[in-house]
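Reminder, nothing fancy here: chain letters follow the sequence lines and each chain counts from 1. When reading the values below, keep in mind they use all heavy atoms of this one structure, side chains included, and skip hydrogens, waters and symmetry mates. Here the structure is a predicted model, which means the values were calculated and not measured.
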Amino acid sequence: MAKEYNFREIEQKWHRLWTQRHTYKVTEDVNRKKFYVLNMFPYPSGAGLHVGHPLGYIASDIYARYKRLQGFNVLNPMGYDAYGLPAEQYAIKTGQHPEKTTFANIDRYREQLDKIGFSFDWDREVRTCTPDYYHWTQWAFQKMFNSYFNEELQKAQPIERLIEKFKQEGRWPSDEKAQSDLLMNYRLAFLGETMVNWCPGLGTVLANDEVVEGVSVRGGYPVEQKKMRQWCLRVSAYSQRLLDGLDTIDWSESIKETQRNWIGRSEGTEVKIKIVDELTSKQVDKLVDEGANGNSSTNKQLVNSSTEFTIFTTRADTMFGVTFFVLAPESELVDKVTTPEQRAAVDEYLHYVKSRTERERMIDHTVTGVFSGAYGINPITGDKCPIYIAEYVLAGYGTGAIMAVPAHDSRDYAFARHFGLPIIPLVEGADVSEESYDAKEGIVINSPSAPEKSVEYDGERLCLNGLTIKEAIAETKRFVKAHGLGRVKVNYRLRDAIFSRQRYWGEPFPVYYKQGIPTMIPEECLPIELPQVEKFLPTETGEPPLGNAKVWAWDEKNRRVVDCSLVDNKTVFPIELYTMPGFAGSSAYYLRYMDPHNDKALVSDRAASYWQNVDLYVGGSEHATGHLIYSRFWNKFLFDLGVSKKDEPFQKLVNQGMIQGRSNFVYRIKETNTFVSLGLKDQYDVTPIHVDVNIVKNDVLDIEAFKAWSPEYATAEFVLEDGKYICGWAIEKMSKSMYNVVNPDMIVEKFGADTLRLYEMFLGPVEQSKPWDTNGIDGCHRFLKKLWALFWTKDGELAATDGEPSADSLKTLHKLIKKVTADIEAFSYNTSISAFMVAVNELTQQRCTSRQVLQTLPVLIAPFAPHIAEELWEALGQEGSVCDARWPQWEEKYLVETSVKLGVQFNGKVRFDMFFPADATPEQMIELATSAPEAAKYLEGMQVVKTIAIPGRIVNIVLKPQA
RNA sequence: GCCCAGAUGGUGGAAUUGGUAGACACGAGGGACUUAAAAUCCCUUGGCCAGUGAUGGCCGUACGGGUUCGAUUCCCGUUCCGGGCACCA
């Protein structure tokens, strides 16, 4: 009896042995080179894992195991992003404490993960919701609070330095409240009165990346803009460093591009615009006559006339085409600028703008706006242009005010057309009769249209005519700077991150309010643990859920958390009721894995120095503008502090694709309980119904299982084709409601973890999204059986012999080593597995039993299928674990061909194949090809024009008819 | 609208980056073994045409052009699908 491949027994055995032997325990070892592999840790949801989740873990595990076999000391940890909304919402619904459900989910995840045979060092597991972990989240927050960003040094510095500076400059107020307010403008973690994305459905604010098209990512509730006092992180301070860092890391171009868009650097010019209004310009002469001592209302006008505002533009070259200015409705200037005559119209407009939700504004781009009554003076032309207020200008970007150049900006163009404002073309050949010319290419004209149309400054007038747009921008910048009309300014779209949430299930802020001044709980007293509450909903007075906590006040004298009733505002103060957002805990977890049990520091200097940063990070691309920005920001801050040793946290990033579901359908004839097979369905009026993919094999329905699936179908009847019921299919998101969820446990049960690992990788490139189709899995399972069979005789004895391997076998082996090594390096696991299949087939055909060849195979397959690798390794009588073996080196000498079969081409078309000596020179190849008998018929009556011969590639002879 | 990435058999996908397109796997068809099933093994499988046959010919990598002895690969244009950003001045 041949020895059977009993994967269940093998996998259970090795899972047990790995645990017993601590095979995957990692310690810092300065004598070995480190390699840090990391997966984005999962949020443990109640639904458990489906086959899509482990894809990235398998891909990184393969790389981790490969690196280990190469002799690296590999850190490959795993943990849980355990704070989050679903657990809290579940708690609200059921009253179950989120910790309870979260921990239960974690246990379930762990159980599922363990079945797949990962090389995680579980001793390093972290959970973001445990006090020993969020201790360091709170600590980092306090460090940010006590730091500011030094623009000159482009790095974070202790806030004390800033205080010193203020003192030296005499700007340090004596009042404590004023001191606090002043510093809030600089702290990296600060309380800010900002417009936030308020989500009434969730009862909390959301970060920009948590809102898509005006609704929340989680739950899809509408989101509105609201002004609130919130904790914020000054992420924008790091804009330039976040941008520059992208050039130093090995990430996909598309994700870097996404981040560049998100950071949105634009280099432009700020120009100061003087304001005049109708009244002032009419009355200026009169006022001068009267001696400027008019009544208070005219005084106010005079103040207005000396007021100026600043606009931001990236198209400084178009200053000669400005025909109006526009302010954002939320701009503080609106109030100052509006004239009494226009007051009513402006108020009405502001009211209209307020009534519109963010979503409406985003979708509906109809032109709206109102004239403020005031005018601005274009400093370059001296022209007086009306100032409008319109919602198409955003308060949050630039200065909230723009100069409008309708000829060369489509939005300004639409506005000008709507309000009948002039349009002045500035680019040679640009036709602006139908639409604006927005391109940044061409030669500038009309700038100025006549010499006197350009205002003189210090004897100089700006003239851009004849320049290219790029030159004109540079020239205008120079002019504006030289004459003090404004300054060159870089703007970023990246906003500061709103860092507080009105939720229960998150990290509490280590902050209390002393006479309204936010004060940090001393570092030595951290962590401040999340208090118990009875209800997870906001309080009746609208406070966040932590308002329900009874013991949630800070006793300054005794340095501990005490009962709220003790608050006396002398020594006992209320603690912050907000909690931190989801990204707080996930921003520095990779550092914690380096030293997870340290209770003195986030990470020891020794561990951080050894592990440096993550060499390979694997996770979904959906985190491009969330986690992957926050984490880089957080790390850069910790780098400035000297805690992190690298400016960038993740050197190489691989984004695994999503696994979609492949749903199956049955077709019910309307108003019957009869189902018709796919090929016949067009003959009836049918309703397609999702059917559980687990009772369908190769699109053939298991009719008995279907009848048992739901009582409704117990009496179903079927119209079959060829005696089978064929189901339809479609690619959809993998979800319970589509009955297309495939569970990894089931696959492991049926085929084994090694087959699952192999198949997940065989499905296609790791980066690519693809549907899961269990149909193909047999191929991978068969391969493992064939590999297994190679090691055993018919009688179930070990087949290995000590004889010298054949040249063929050595060639097969070394070809395989070469291919697999190159493919793993390139993350091309699917082709790697194909190479294995070819090699095993070849070795089987060669009846290879050589120990020398056989003992290399377990090492090569170990990254992909570790269980079978261990079993074979042991069967061969090798010492220890295959994990401690050395990755083999391929040798060219076994691959050398004595002859090479190449296509011989005449005029670019392959005419015949022939063998050439492997070491033939191009000249010899041409000689051999032209003298071959097959060549004669092509050469007849022809003349050789050109010959091309590339050893190993091609032989090509170009002919033309003889003259 | 702007930016990025794609499009190859019935299906998932290969192709040493300009050198015999379709590796490997699934599915399908045929065959062997078997009382039968499972399992295993062998053959065929991009399309069209000719031939009893070994075989030969033509077409073929979304579409239309171009460069080249030679293009799935490089260039230009078009269509379609996916991802990101989006009144960002």
Side-chain angles (χ1 to χ4, degrees), chain A residues 2 4 213 252-262 264-266 268-269 311-316 318 326 328 361-362 364-367 390-394 396-405 408-412 414-415 438 491-495 621-622 624-625 655 657 662 698-699 729 758-759 762-765 767-780 782-783 785-786 789 818-819 822 828 830-838 841 844 901-913 945-950 952-960:
Chain A
E4 199 192 339
E213 285 173 2
S252 77
E253 208 38 58
S254 69
I255 210 148
K256 284 196 205 176
E257 205 52 41
T258 301
Q259 291 213 344
R260 286 191 191 108
N261 280 340
W262 193 257
R265 182 185 206 269
S266 66
T269 316
I311 57 97
F312 175 76
T313 180
T314 55
R315 291 293 302 273
T318 57
V326 189
R361 261 174 98 162
M362 214 142 24
D364 173 25
H365 287 180
T366 43
V367 178
E391 59 177 339
Y392 84 89
V393 173
L394 306 177
Y397 186 75
T399 58
I402 63 153
M403 62 178 211
V405 186
H408 301 292
D409 183 288
S410 48
R411 295 153 303 177
D412 298 346
F415 195 84
D438 290 18
N491 257 325
Y492 300 91
R493 206 184 68 94
L494 185 67
R495 304 292 159 79
S621 56
E622 68 273 18
T625 54
N655 296 115
R662 187 180 187 277
N698 292 335
D699 291 339
W729 59 272
L758 230 37
Y759 187 55
F762 188 69
L763 228 39
E767 283 100 332
Q768 199 170 298
S769 284
K770 58 235 153 182
W772 178 268
D773 183 357
T774 309
N775 291 340
I777 200 163
D778 284 335
C780 288
R782 242 169 250 158
F783 157 71
K785 281 188 191 169
K786 285 181 197 168
K818 186 178 180 178
K819 177 81 177 146
S828 180
N830 55 333
T831 53
S832 194
I833 294 166
S834 293
F836 259 113
M837 291 174 172
V838 172
N841 279 340
T844 307
K901 190 180 174 190
L902 291 179
V904 178
Q905 303 183 351
F906 285 92
N907 288 344
K909 282 225 160 117
V910 179
R911 307 297 174 174
F912 59 88
D913 295 339
V945 179
K946 195 172 173 183
T947 56
I948 298 137
I950 305 164
R953 296 283 173 86
I954 202 78
V955 179
N956 190 302
I957 297 144
V958 187
L959 305 171
K960 72 169 185 193

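Here B:C4 is the nucleotide among B:C4, B:C69, B:A89 with the atom lying nearest to any side-chain atom of A:Ser254. Side-chain proximity of A:Asn261 to B:G19, B:G13, B:G84: nearest is B:G84. Out of B:C3, B:G19, B:A89, the shortest distance to the side chain of A:Ile954 is found at B:G19. When distances are taken from the side chain of A:Ile402 to each of B:G19, B:A89, B:U40, the shortest belongs to B:A89.
The gap from the P atom of B:G57 to that of B:C76 amounts to 36 Å, rounded to the nearest Å. For B:U45 and B:G10, the P atoms lie 15 Å apart once the distance is rounded to whole Å. Separation of the C1' atoms belonging to B:C43 and B:C33 is 16 Å when rounded to the nearest angstrom. For the C1' atoms, the distance linking B:U67 with B:U73 amounts to 14 Å, nearest Å. For the P atoms, the distance from B:U16 to B:G1 is 35 Å, rounded to whole Å. Look at the C1' atom in both B:A36 and B:U72: the space between them is 48 Å, to the nearest Å. Nucleotides B:U61 and B:G66, compared at atom P, are 15 Å apart to the nearest Å. Going from the P atom of B:C80 to that of B:G27 covers 36 Å, rounded to whole Å.
With RNA chain B read from its 5' end, the first of the two nearest nucleotides for A:Ile948 and A:Lys819 is the one closest to A:Lys819. If you find the closest nucleotide of RNA chain B to A:Ser828 and to A:Gly903, the one lying nearer the 5' end belongs to A:Ser828.
Atom CD1 of A:Ile311 sits about 6.5 Å away from atom OG1 of A:Thr399, to the nearest 0.5 Å. The CG atom of A:Asp409 sits 5.5 Å away from atom CG of A:Asp438, with the distance rounded to the nearest 0.5 Å.
Note on A:Pro771: nothing from the nucleic acid sits closer than 4.0 angstrom, heavy atoms only. Nucleic acid contact for A:Arg495: base, since at least one base atom lies under 4.0 Å from a heavy atom of the residue.
Base orientation of B:U17: syn, the glycosidic angle falling within 90° of 0. The glycosidic torsion of B:G9 lies within 90° of 0, which places this base in the syn conformation.
Here the side chains of A:Cys780 and A:Met837 are in contact, with some heavy-atom distance below 4.5 Å. You'll find the side chain of A:Met403 reaches within 4.5 Å of the side chain of A:Thr313, heavy atoms only. Between A:Phe906 and A:Phe912, some side-chain heavy-atom pair lies under the 4.5 Å cut-off. At least one side-chain heavy atom of A:Ile402 sits less than 4.5 Å from a side-chain heavy atom of A:Tyr392. Side-chain contact check for A:Phe836 versus A:Phe762: every heavy-atom pair is 4.5 Å or farther apart. A:Gln905 places none of its side-chain heavy atoms less than 4.5 Å from the side chain of A:Ile957.
For A:Lys946 and B:C69, the shortest distance from a side-chain N or O to OP1 or OP2 is below 4.0 Å. Between B:U17 and A:Arg953, a contact under 4.0 Å exists linking OP1 or OP2 to a side-chain N or O. Side-chain nitrogen and oxygen atoms of A:Arg493 include at least one within less than 4.0 Å of the OP1 or OP2 phosphate oxygen of B:A86. Remark: A:Tyr392 is not in phosphate contact with B:A89, judged by side-chain N or O atoms under 4.0 Å from OP1 or OP2. Between A:Lys785 and B:A39 there is no side-chain N or O to OP1 or OP2 distance below 4.0 Å. Of the side-chain N and O atoms in A:Gln905, none sit less than 4.0 angstrom from OP1 or OP2 of B:U20.
Stem regions for RNA chain B, each three or more consecutive Watson-Crick or G-U pairs with both distances under 3.5 Å and listed by first number, read B:1-4 with B:82-85, B:10-12 with B:24-26, B:27-32 with B:40-45, B:46-50 with B:55-59, B:62-66 with B:74-78.
A centroid separation of 6.0 Å or more is found between the aromatic rings of A:Trp262 and A:Tyr492.
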Heavy-atom protein contacts under 4.0 Å, nucleotides 22-33 of chain B, coded B base, S sugar-phosphate only, - none: -BBSSS------
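Atom CG in A:Leu959 sits roughly 14 Å away from atom C1' in B:G70 (whole-Å rounding).
With A:Asn956 as reference, A:Ile948 is the one residue of A:Asn907, A:Val904, A:Ile948 to meet the side chain to side chain contact (heavy atoms under 4.5 Å, CB included) rule.
A donor atom on one side chain and an acceptor atom on the other are not found under 3.5 Å apart for A:Ser834 and A:Thr831.
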